[in-house]
Amino acid sequence: MKYLLDTRLLLWAAAEPRRLAKKTRALLEDPDNVLLFSAASFWEVAIKAGLGRADFTVEPAVLRRGLLDNGYVELPVLNEHAVATGTLPPIHRDPFDRLLVAQAQVEGITLLTSDPVVAQYPGPIRTV
């Protein structure tokens, strides 16, 4: 199964795996699963780290290298993804989360999230 991790889960998986539920860790450690991260998450990390947000203190380049070294697959943001954000219902206002939802829908990949608002979107979304 292919899973796209939202930014929060991505940060927890990389730096604070103890914050993940046991079932979530098992899902991420299953060698049959393909784990993806979005370029949109790195845009979010870079912007929020630049704004001094305490929950975004990771160095984006180090995070990316670590994810790639651990078998994660990078998902670029395509025009098709950006266009698809315009068709989403107005459930969530965060542009990063909306882009992740659109990517999951366009690519047919399950988005993993711990955000109950994001989980309200239709499509391949799984709350963990």
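We use all heavy atoms of the structure for the numbers below, so side chains are in, but hydrogens, waters and symmetry mates are not.
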Item to check | Rounded distance [0.5 Å steps], CG in D30 versus CG in N33 | outcome: 4.0 Å

Checklist entry - Of all heavy-atom pairs between A39 and P76, which one has the smallest distance, and what is that distance? => result CB-CA, 4.3 Å

Next on the checklist: Salt bridge check, R98 against D94: does any charged N sit closer than 4.0 Å to a carboxylate O?
Outcome noted: no

Checklist entry - Is L4 close to S38 at the side-chain level, that is, under 4.5 Å between some pair of heavy atoms? => result yes

Checklist outcome for this item: Output for pair (L112 CG, R8 CZ), nearest 0.5 Å, gives 13.5 Å

Next on the checklist: To the nearest 0.5 Å, what is the distance between CD on Q105 and OG1 on T87?
Outcome noted: 6.5 Å

Next on the checklist: If I take atom CZ from residue F37 and atom CD from residue E74, how far apart are they, to the nearest 0.5 angstrom?
Outcome noted: 4.0 Å

Item to check | Heavy-atom check, side chain of V83 versus side chain of E80, under 4.5 Å | outcome: no

Checklist entry - What's the shortest heavy-atom distance between A84 and A102, and which atoms? => result CB-CB, 3.8 Å

Item to check | Parallel, tilted or perpendicular: rings of F96 and W43 (30°, 60°) | outcome: perpendicular

Item to check | Point-to-point distance, once rounded to the nearest 0.5 Å, from CG of L10 to CG of L5 | outcome: 5.5 Å

Checklist entry - Does the side chain of Q103 reach to within under 4.5 Å of the side chain of L75, using non-hydrogen atoms? => result yes

Next on the checklist: Any heavy-atom pair between the side chains of W12 and P17 that's under 4.5 Å?
Outcome noted: no

Checklist entry - Should L78 and V73 be regarded as members of a common hydrophobic cluster, given that ILVMFWY residues are connected when their side-chain heavy atoms come within less than 4.5 Å of each other, either directly or indirectly? => result no

Checklist entry - Quick one: do L67 and L20 end up in the same hydrophobic cluster if we chain Ile, Leu, Val, Met, Phe, Trp and Tyr together by side-chain heavy atoms under 4.5 Å apart? => result yes

Next on the checklist: Any carboxylate oxygen within less than 4.0 angstrom of a Lys/Arg side-chain nitrogen, looking at K48 and E44?
Outcome noted: yes

Next on the checklist: Any non-hydrogen side-chain atom of V101 less than 4.5 Å from a side-chain atom of L111?
Outcome noted: yes

Checklist entry - When rounded to the nearest 0.5 angstrom, what is the spacing between NE2 in H92 and CG in L100? => result 10.0 Å

Next on the checklist: If hydrophobic clusters are built by linking Ile, Leu, Val, Met, Phe, Trp and Tyr wherever their side-chain heavy atoms come under 4.5 Å apart, do Y3 and V118 end up in the same one?
Outcome noted: no

Next on the checklist: What I'd like to find out is whether the side chain of V128 reaches to under 4.5 Å of the side chain of K23, using heavy atoms alone.
Outcome noted: no

Checklist entry - Does V45 share a hydrophobic cluster with L68, counting links as ILVMFWY side-chain heavy atoms below 4.5 Å and allowing steps through other members? => result yes

Checklist outcome for this item: In terms of heavy-atom contacts, L35 and L28 come closest through CD1-O, 3.2 Å

Checklist entry - Do the side chains of T110 and I125 get nearer than 4.5 Å, heavy atoms only? => result no

Next on the checklist: Does R126 form a side chain to side chain contact (heavy atoms under 4.5 Å, CB included) with L27? I'd like the steps, not just the answer.
Outcome noted: CA-CA 12 Å; R126 181 172 171 182; L27 185 73; 3.7 Å; yes

Item to check | Side-chain donor-acceptor pair present, E107, H81, cut-off under 3.5 Å | outcome: yes

Checklist entry - Same hydrophobic cluster for V58 and V62, using side-chain heavy-atom links shorter than 4.5 Å among ILVMFWY? => result no

Checklist entry - Are there more than 12 heavy atoms of other residues, nucleotides or ligands under 6.0 Å from atom CG of D69? => result yes

Next on the checklist: Could you go through K2 and L36, starting from their C-alpha distance and side-chain angles, then the distance that decides it, and tell me whether this counts as side chain to side chain contact (heavy atoms under 4.5 Å, CB included)?
Outcome noted: CA-CA 7 Å; K2 288 185 175 183; L36 294 100; 4.0 Å; yes

Checklist entry - If we ignore angles and hydrogens, is there a donor and acceptor under 3.5 Å between the side chains of R64 and Y72? => result no

Checklist entry - Does a side-chain heavy-atom distance below 4.5 Å link T127 with S114? => result no

